[in-house]
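To start, the structure itself, in structure tokens.
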2 protein chains.
Amino acid sequence: MTSSKDVAKHAGVSQSTVSRVLNTPEKVDRNKYEKVVQTMKELNYRPNSIARSLVKKQTKSIALISGPLHNPFFVETTTSIVNYSKQRGYNVNVHFENFGDNMSIYKDVLEREVDGIILSSILYDDPIFPELKKQNIPFIMFNRKHREPMNYVEMDNVQAGRIATEHLLGLNHQNIVYIGGPSTMTTFQGRYEGFRQVMEENDFEVTDHNARMTNTSEEAIREVMGGY
Amino acid sequence: MTSSKDVAKHAGVSQSTVSRVLNTPEKVDRNKYEKVVQTMKELNYRPNSIARSLVKKQTKSIALISGPLHNPFFVETTTSIVNYSKQRGYNVNVHFENFGDNMSIYKDVLEREVDGIILSSILYDDPIFPELKKQNIPFIMFNRKHREPMNYVEMDNVQAGRIATEHLLGLNHQNIVYIGGPSTMTTFQGRYEGFRQVMEENDFEVTDHNARMTNTSEEAIREVMGGY
DNA sequence: CTGTTAGCGCTTTCAA
DNA sequence: TTGAAAGCGCTAACAG
């Protein structure tokens, strides 16, 4: 591995001048600049990003905790997040949620220095948040929010629930049932709320029979649907 | 940010003892160990992975250059690679290939210190390889291989081409056409080869009419198929 | 088992 | 504009 020190030696300048060529080239004498750039090429020099991160306390990378890619939603979001981050000069460390053991992911994420964290698939009262706050690491949720007020980006789930319900009602259906995931996920809370609102506005009763909470596994949904 | 130095001070030990508690706890006096661990908790200490990487010259992270997730194949591979890496203590920096401008991805990848690179969606004579070799960064390809002998993991595309062709022939079809992607991708070279072999073994002629190379876009395929 | 010391490769004062 | 020097937070000899 050739370091800036090596470049400096070969180019006959100080190591700090090499550093300046990288960071503030305009403050370097034209000739020395050329000489240094040339030497870098010859020696195949690549600045060490780790060393830079250490002093700048900035890694230019962010962690993404995503839901599973088998859900097309996360295909879209992961792709966009990765590509946009790249465009802005950031790398993305991707992690996939691990049902039943998110703690190991949190541990993993906290162990690395990142400039920020983007998380989805987080529970209403997930234990990672107190930790994140304590460690003072910037983070933002998407597709979910937490019980406490924190930054998040989410679609309007209540409205989504309303639209779906209104659609069916508009088709003159009389027997509508809501099947949603657990209310520990805000996504489902909202959609249920939208369903409930529209149903009641139209004088339908919402009962345990036509509003079912289940988990999001195929089997569970199949079982619930079997009852109708 | 609290550092190991802070912990050392508060615990009344040297900084190297704090480091030892992290790395070789068995070589630390029981009492001091407890004291240090406790102090870490109190001060909310997290070891700085950047500093560690700098001295160990190991980042415990790998870069993945993947094809687009809209292709289910890459959903599977990305998921597996990320999860398995995690299990082995590695982080994954995910990048998606950028048709027409992979250079910017290569630049991006090279700029960060990683312990190795996994790449797919690489062309037969992609310019990243000379660079990788020059920089002496470990890498492996999957789903593709390069013109030069290098490490790769790939399915047996020739066999795949054979099986598909034999299947159709077994069904007594007489008019079989091969439509594949460009031969700059080894995947297609192999499949074509399998097709060709079986066809010729069965005394069918392979011509420009029944073997077509196209690109992998929906439109291109549609157009080719329109001709039959 | 422990502390002192050097040093990883860089950025950033500070004087010159 | 430049170089010398300090320091980011850690690991790794080394001597005791």
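Because the structure is a prediction, the values reported are computed rather than measured. So that the names make sense, note that chain A is the first sequence line, chain B the second, and so on, each numbered from 1.
In terms of heavy atoms, B/R88 sits closest to B/Y84 at NH1-OH, 2.7 Å.
Per the geometry, CD belonging to B/Q15 stands 8 Å off C1' belonging to D/dT11, to the nearest Å. Rounded to a whole Å, the NZ atom of A/K27 is 10 Å from the C1' atom of D/dT1. Look at CG on A/D29: it is 7 Å from C1' on D/dT1, rounded to the nearest Å. Remark: P of C/dT11 and CD of A/Q58 are 12 Å apart, rounded to the nearest angstrom. Counting to the nearest Å, the P atom of D/dT1 and the NZ atom of A/K32 are 11 Å from each other. To the nearest angstrom, P of D/dA6 lies 18 Å from CG of A/L54. Across the protein-nucleic acid pair, B/K9 atom NZ and C/dG3 atom P stand 15 Å apart, rounded to whole Å. When the P atom of D/dT11 is taken as reference, atom CD1 of A/I50 falls 14 Å away, rounded to whole Å.
For B/Y152, the OH atom sits in a loose shell: 12 or fewer heavy atoms of surrounding residues, nucleotides or ligands are nearer than 6.0 Å.
Residue whose closest nucleotide on DNA chain C sits further toward the 5' end, between A/K56 and A/M1: A/M1. Heavy-atom distances to DNA chain D give each of A/T17 and B/P47 a nearest nucleotide, and the one nearer the 5′ end belongs to A/T17.
In this model, a donor atom of one side chain and an acceptor atom of the other lie less than 3.5 Å apart for B/Q197 and B/E193. Inspection of the B/Q135 and A/N44 side chains reveals an N or O donor paired with an N or O acceptor under 3.5 Å. Counting only N and O atoms by type, the side chains of A/E34 and A/Q38 include no donor and acceptor under 3.5 Å apart. Side-chain contact annotation: A/E113 with A/S53, donor-acceptor N/O pair under 3.5 Å absent.
The B/R52 side chain lies nearest to D/dC10 when the options are D/dC10, C/dC10, D/dG3. The side chain of B/V55 has C/dG7 as its nearest neighbour among D/dG3, C/dG7, C/dT11. Between D/dG3, D/dT11, C/dT2, one nucleotide has an atom nearer to the side chain of A/V13 than all others, and that is D/dG3. Nearest nucleotide to the side chain of A/N23, out of D/dT2, C/dT11, D/dT11: C/dT11.
A sub-4.0 Å separation between OP1 or OP2 of D/dT11 and a side-chain N or O of B/S19 is present. Within the structure, a side-chain polar atom (N or O) of B/K57 is placed less than 4.0 Å from OP1 or OP2 of C/dG9. At D/dC10, one or more side-chain N or O atoms of B/S4 fall inside 4.0 Å of OP1 or OP2 (strictly under the cut-off). The phosphate of C/dG9 (OP1 or OP2) has no side-chain N or O of A/S3 nearer than 4.0 angstrom.
Using a 4.0 Å heavy-atom criterion, one finds that B/Y45 contacts the sugar-phosphate atoms exclusively.
Looking at A/S16, its side chain comes within 3.5 Å of the base of D/dA4 through a donor and an acceptor atom. One donor-acceptor pair, N or O on each side, does fall under 3.5 Å between the base of C/dG3 and the side chain of B/R20.
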